[in-house]
Amino acid sequence: MAAFNLTPSGPSTFILMGIPGLEAAHVWISIPFSTFYIISLLGNFMLLFVVGKEQTLHKPMYLLVCMLALTDISMSTSVIPKALCIFWFNLKHITMGGCLTQMFFLHTVIVIQSAVLVTMAFDRYVAICNPLRYTTILTNARIAKLGLLGLIRAVLIILPMPLFLSRLPFCANRIIPHIYCEHIAVAKMSCGDSTVTRMYGLVTAFVVIVLDLTLIALSYGLIIRAVLRISSKEVHQKALNTCTAHICVMLMSYSPCLFSYMTQRFSQGITSHVHVTLSNFYLLVTPMLNPIIYGVKTKELRDKMGKYTCRR
């Protein structure tokens, strides 16, 4: 990222305002920020530790859960430490290179997380509709390859965003009304023609979200069709229990992200602090709750985590 051809118009720094309109309350706002961030780190690292230590959990499903935990850690860590520096020490300046790097890293992780959720939906489909072939269809090596494919896809999709922005001129207004370098917020500050980068961001988000949600919907459509063919209520309940954790995580991941994205681009009547609050919910609450959901809803994982927590 350091190789970007940065525009030499004025000092190459931006100012992150934090939460516009609530600057006086930044110190108080930092309390839930830091609390949620610590809980998120503890929960996700605990999940990674337990799955890594327990040989019985070295299965495709738990490998996917670990991938989700890594994206949660990366997503919150790319934003929250800088946000706390703004809240506690008023360190609002960020270099253009740092801003573009943060943008690239954050948006790449978000696209990777979406790919992981799609793979999880496929995992649930195979587990319910083809249980006898599950171990042959989904192996740890195959899941790792799908994870690598998701990483490559994310990098190729997101890389043009900071590249486009690095070639735009930025004039006097370098104030970003946000706690991090969000793509459209940075594009709005350019005094040049930002049509290309804005359209690329919009089309990319639309294609990724529509494609991934379509694949997830297809997987669950096939699951519902297979389950409805069986009259046993016990089978219905087992299928529901198998999918509950993934459905909860998926709703928590996509809903605030979609709502924040749409209001950021198309709603002019919503104030800046509402936009930022919605983004914070996605970056703070979702990574904190994901390990809790899987720890509570997945019996095998719950038992193993209980063993280590009780021992301590």
Side-chain angles (χ1 to χ4, degrees), residues 36 40 43-44 47 61 64-80 103 105-125 146-147 149-151 153-155 157-158 161 178 180 182-185 200-224 240 242-267 270 274-298:
F36 290 171
S40 170
N44 284 293
L47 192 152
M61 174 184 174
L64 287 169
V65 171
C66 287
M67 289 181 183
L68 185 67
L70 287 173
T71 61
D72 284 337
I73 293 169
S74 302
M75 185 166 58
S76 56
T77 301
S78 66
V79 172
I80 304 307
M103 178 194 304
F105 190 75
L106 175 62
H107 287 76
T108 297
V109 171
I110 290 174
V111 176
I112 293 173
Q113 187 180 76
S114 184
V116 172
L117 291 174
V118 172
T119 310
M120 282 180 158
F122 179 66
D123 172 79
R124 295 301 82 204
Y125 160 72
L146 289 173
L149 184 64
L151 171 62
R153 181 189 79 149
V155 170
I157 288 174
I158 299 301
M161 288 185 181
H178 220 302
Y180 64 91
E182 201 273 336
H183 173 253
I184 195 66
Y200 182 83
L202 180 63
V203 171
T204 296
F206 180 79
V207 170
V208 170
I209 291 172
V210 169
L211 175 62
D212 289 357
L213 286 179
T214 299
L215 292 174
I216 291 173
L218 178 62
S219 296
Y220 275 99
L222 295 172
I223 290 172
I224 293 171
L240 180 62
T242 302
C243 299
T244 299
H246 178 256
I247 292 173
C248 291
V249 169
M250 185 178 62
L251 289 174
M252 281 202 325
S253 297
Y254 282 114
S255 299
C257 181
L258 276 171
F259 191 67
S260 175
Y261 182 87
M262 298 301 288
T263 54
Q264 178 77 8
R265 283 158 175 76
F266 302 115
S267 178
I270 298 180
V274 175
H275 287 303
V276 177
T277 302
L278 289 171
S279 300
N280 293 342
F281 180 89
Y282 176 64
L283 297 172
L284 274 172
V285 179
T286 301
M288 180 184 68
L289 293 182
N290 283 350
I292 297 174
I293 291 173
Y294 271 101
V296 171
K297 290 294 184 181
T298 310

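Side chains are part of it too, since the values below use all heavy atoms of this structure and drop only hydrogens, waters and symmetry mates.
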Pair R124-M61, side-chain contact (heavy atoms from CB on, under 4.5 Å): steps then yes or no: CA-CA 9 Å; R124 295 301 82 204; M61 174 184 174; 3.6 Å; yes
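- Shown here for M252 and T286, the closest heavy-atom pair between the two residues is O-OG1, 3.2 Å.
- Under the 3.5 Å distance criterion, with hydrogens and angles disregarded, no donor-acceptor pair is assigned to the side chains of Y200 and H183.
- A donor-acceptor pair under 3.5 Å is formed between the side chain of H246 and the backbone N or O of L117.
- Side-chain atoms of S78 come within 3.5 Å of backbone atoms of M75 as a donor-acceptor pair (strictly under, hydrogens ignored).
- The environment of Y254 atom OH is dense: over 12 non-hydrogen atoms of other residues, nucleotides or ligands sit within 6.0 angstrom.
- Closest non-hydrogen pair, L106 versus V79, comes out as CD2-CG2, 3.8 Å.
- Residues L47 and A69 approach most closely at CD2-CB, 4.3 Å, considering heavy atoms.
- Taking CG from L68 and CE from M120, the interatomic distance works out to 4.5 Å, rounded to the nearest 0.5 Å.
- For the residue pair Q113 and S253, the shortest heavy atom distance occurs at OE1-OG, 3.9 Å.
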Chi angles and distances behind the side-chain contact (heavy atoms from CB on, under 4.5 Å) call for T204, M161: CA-CA 10 Å; T204 296; M161 288 185 181; 4.2 Å; yes
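- Using modelled atom types, one side-chain atom of S219 and one backbone atom of L215 make a donor-acceptor pair closer than 3.5 Å.
- One N or O on the side chain of N44 and one on the backbone of S40 form a donor-acceptor pair closer than 3.5 Å.
- Summarising the geometry of G150 relative to I112, their closest heavy-atom pair is O-CG1, 4.0 Å, with the distance given to 0.1 Å.
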Trace of the side-chain contact (heavy atoms from CB on, under 4.5 Å) decision for I80 with F36: CA-CA 10 Å; I80 304 307; F36 290 171; over 6 Å; no
Test side-chain contact (heavy atoms from CB on, under 4.5 Å) applied to V111 and D212, step by step: CA-CA 10 Å; V111 176; D212 289 357; 5.7 Å; no
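- Of all the heavy atoms in A115 and R153, the pair that sits closest is CB-NH2, 3.8 Å.
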